[in-house]
Amino acid sequence: LSHLHAPLPCPVITEDIFCMDSSNMQPEEWCVLAKEIHRVLQTCDGVVITHGTDTMAYTAAALSYMLAGIGKPVILTGSQLPMLHPLSDAPRNLMYALTAAAQGVGGVYVCFGTHLISGVRCVKTHTTSMHAFSSVNAPPSGRIDSDGVHFDEPQPFQPLHPGEGYRLRDTIDPRVLLLKLAPGTSPDVLRFAAEAGYRGLVIEAFGLGGLHYIRRNLVKALDELSEKGIYVLVVSQCLYEKADVSIYEVGRGLMREHVISGRDMTTESAVCKLMWALGQENPRQWLEHRLVGEYR
């Protein structure tokens, strides 16, 4: 904060929760963060989390589910260059994040550059650009310009049961495997998920949700996983638009109890939602429910 050469937009209390490379941020850290956010928001009006960029989209998605319906802003931000680098974007991003957190708009967002992105729509799409993050399959939640902070599309909240409000749901099961298909992927890779003790599998399938079934029958292998009670969430390898496993003939054979279309969810959001849903009662009802605008 001492490197921000301008008056702060609000009083700020600082706490160090972790000091680690974001590559080391894992589900255990997400749970600690969620509990800390829940605690401090009993007395504060908003939270800003400074976070490394590599896994920020995963943390933002996980917090979006664990804190679904929260009535105060939770803003994650970071930078492409360190605070003391002469070209650093850190002072600007931090100042923008603090200003956004003072607006009182509930939900979990990533503030980077001049955009605010819903935590379940955020993807890191560039490694060196100062515009490192994109809002995928949804417009940005907000923007910052010379007139101030504008929340045009705040993160929505649709409770599972009418009238249900926010409560901390920080139970999570990290036993989820992410698999990106390539032509020739062996069904044995899917069977490995069961043998290794995974409870969930996110598959990045071809196009709208295609999987090969000649010579190497992935559909049969998914059937076997479903019979073992392992949940499978199918998303598209394409960055934009949806997966729909019912479109293909092979897809219609996939509509098993534990095989669910991830629609237009980002991979990061799908992985985090599956981990989170497996920590709740009746995971399927959560996976099929649009909670915070994670899919259309």
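Numbering of residues begins at 1 and proceeds along the displayed sequence. Computed from a prediction, not measured in an experiment: that's the story for all the values here.
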message = Using only atom types and a distance under 3.5 Å, with no angle test, would you say the side chain of D21 pairs donor to acceptor with the backbone of S23?
response = yes
inquiry  = Under the criterion side-chain contact (heavy atoms from CB on, under 4.5 Å), I'd like the reasoning laid out for F112 against N93: C-alpha separation, chi angles, the key distance, then a yes or no.
reply    = CA-CA 6 Å; F112 214 88; N93 287 346; 3.8 Å; yes
ask   = Can you name the closest pair of heavy atoms from R199 and D173 and give their distance?
value = NH1-OD2, 2.8 Å
message = Please check: side-chain N/O of S134 versus main-chain N/O of V136, any donor-acceptor pairing under 3.5 Å?
response = no
key: Hydrophobic cluster identity match, W276 and L178, side-chain contacts under 4.5 Å   = yes
Criterion side-chain contact (heavy atoms from CB on, under 4.5 Å) on L63 and L33, from CA distance to verdict = CA-CA 8 Å; L63 292 177; L33 265 183; 4.2 Å; yes
inquiry  = Using a 3.5 Å distance criterion without hydrogens, assess whether the side chain of S236 forms a donor-acceptor pair with backbone atoms of L208.
reply    = no
query = Between E15 and R39, does a salt bridge (charged side-chain N to carboxylate O under 4.0 Å, His left out) hold up when you go through it step by step?
reply = CA-CA 12 Å; E15 289 192 21; R39 177 183 64 83; 2.9 Å; yes
task = Kindly say whether G106 contributes a backbone atom to a donor-acceptor pair with the side chain of Q155 at under 3.5 angstrom?
result = no
query = Under a 4.5 Å side-chain heavy-atom rule over Ile, Leu, Val, Met, Phe, Trp and Tyr, are I49 and L98 clustered together?
reply = no
query = Should E281 and W286 count as side-chain neighbours, where that means a heavy-atom distance under 4.5 Å?
reply = no
Closest non-hydrogen atom pair, H115 against P140 = CD2-CG, 3.7 Å
key: I75 vs V47 side-chain heavy atoms within contact, under 4.5 Å   = no
query = Any chance CZ of R92 has more than 12 other-residue heavy atoms, nucleotides or ligands included, within less than 6.0 Å?
reply = yes
note = For T53 and S79, the nearest pair of non-hydrogen atoms, with its separation, is CG2-O, 3.4 Å
ask   = Will you find, in the side chains of E204 and T267, an N or O donor that is under 3.5 Å from an N or O acceptor?
value = yes
key: Spatial distance of atom CG (L41) from atom OG1 (T43) [nearest 0.5 Å]   = 8.0 Å
request  = Measure across L67 and V108 and return the closest heavy-atom pair with its distance rounded to 0.1 Å.
outcome  = CD1-CG2, 4.4 Å
request  = Using only heavy-atom distances, determine whether the side chains of H51 and T59 contain a donor-acceptor pair under 3.5 Å.
outcome  = yes
task = Examine the side chains of Y166 and H38 and answer whether a donor and an acceptor come within less than 3.5 Å of each other.
result = yes
ask   = Is the shortest heavy-atom distance from the side chain of V120 to the side chain of T266 under 4.5 Å?
value = no
ask   = How long is the span from the CG atom in N137 to the OG atom in S118, to the nearest 0.5 Å?
value = 12.0 Å
request  = For T77 and C111, indicate whether the former's side chain and the latter's backbone hold a donor-acceptor pair under 3.5 Å.
outcome  = yes
inquiry  = Check D54 with K124, please: is the shortest side-chain N to carboxylate O separation under 4.0 Å?
reply    = yes
request  = Indicate, with yes or no, if the rings of Y109 and F151 have centres closer together than 6.0 Å.
outcome  = yes
ask   = Between the side chain of S88 and the main-chain N/O of L81, is any donor-acceptor distance below 3.5 Å?
value = yes
query = Can you tell me if Q80 uses its side chain to pair, donor with acceptor, with the backbone of D89 under 3.5 Å?
reply = no
Heavy atoms from other residues, nucleotides or ligands near CD of E241 exceed 12 (cutoff 6.0 Å) = no
ask   = Is the shortest heavy-atom distance from the side chain of L160 to the side chain of Q285 under 4.5 Å?
value = yes
request  = For P27 and M275, work out which heavy atoms get closest and say how close.
outcome  = CG-SD, 3.8 Å
task = In plain terms, say whether E195 and K228 are close enough for a salt bridge, that is, a side-chain N and a carboxylate O under 4.0 Å apart.
result = no
Rounded distance (nearest 0.5 Å) linking atom CG of L201 with atom CG of L222 = 7.0 Å
query = At their closest point, which heavy atom of V292 faces which heavy atom of S64, and how far apart are they?
reply = CG1-O, 3.9 Å
request  = Check the side chains of E294 and S269 for a donor-acceptor pair under 3.5 angstrom, ignoring hydrogens and angles.
outcome  = no
ask   = Which distance, rounded to the nearest 0.5 Å, do you find between the CE of M83 and the CG of L1?
value = 7.5 Å
ask   = Do the rings of Y198 and F192 sit parallel, tilted or perpendicular, given the 30° and 60° boundaries?
value = tilted
key: Under 3.5 Å: donor-acceptor pair, side chain of E29, backbone of Q26   = yes
ask   = When rounded to the nearest 0.5 angstrom, what is the spacing between SG in C31 and CG in D170?
value = 6.0 Å
H212 side-chain N/O to I214 backbone N/O, donor-acceptor pair under 3.5 Å = no
task = Report yes or no: do V123 and V176 belong to one cluster of Ile/Leu/Val/Met/Phe/Trp/Tyr joined by side chain heavy-atom distances under 4.5 Å?
result = no
key: Beyond-backbone contact of R121 with D264, side-chain heavy atoms, under 4.5 angstrom   = yes
Candidate pair R169 and Q280, rule side-chain contact (heavy atoms from CB on, under 4.5 Å), full reasoning = CA-CA 8 Å; R169 291 185 173 90; Q280 315 307 310; 3.8 Å; yes
request  = Identify whether M66 and F18 are in the same connected component of the hydrophobic contact network (ILVMFWY, side-chain heavy atoms under 4.5 Å).
outcome  = yes
message = Take a 6.0 Å sphere around NE2 of H289 and say whether it holds more than 12 heavy atoms from other residues, nucleotides or ligands.
response = yes
ask   = Would you say the side chain of F206 lies within less than 4.5 Å of the side chain of C238, judging by non-hydrogen atoms?
value = no
query = Within a strict 4.5 Å, meaning less than it, do heavy atoms of the V232 and L274 side chains meet?
reply = no
ask   = Hey, what do you get for NE2 (H150) to OG1 (T114), rounding to the nearest 0.5 Å?
value = 10.5 Å
query = Any donor-acceptor pair under 3.5 Å linking the side chain of T185 with the backbone of L181?
reply = no
inquiry  = Assess the residue pair Y231 and I260 against the criterion (side-chain contact (heavy atoms from CB on, under 4.5 Å)); give the C-alpha distance rounded to whole Å, side-chain angles, the decisive distance to 0.1 Å, and a yes or no.
reply    = CA-CA 8 Å; Y231 285 88; I260 301 165; 4.3 Å; yes
message = Quick check: is Y96 connected to M56 through a chain of hydrophobic side chains (ILVMFWY, heavy atoms under 4.5 Å apart)?
response = no
inquiry  = Is there a side-chain contact between K35 and V32 in this structure, where contact means two heavy atoms from C-beta onward sitting under 4.5 Å apart?
reply    = no
task = Using a strict cut-off of less than 4.0 Å between a Lys/Arg side-chain nitrogen and an Asp/Glu carboxylate oxygen, indicate whether E227 and R191 qualify as a salt bridge.
result = no
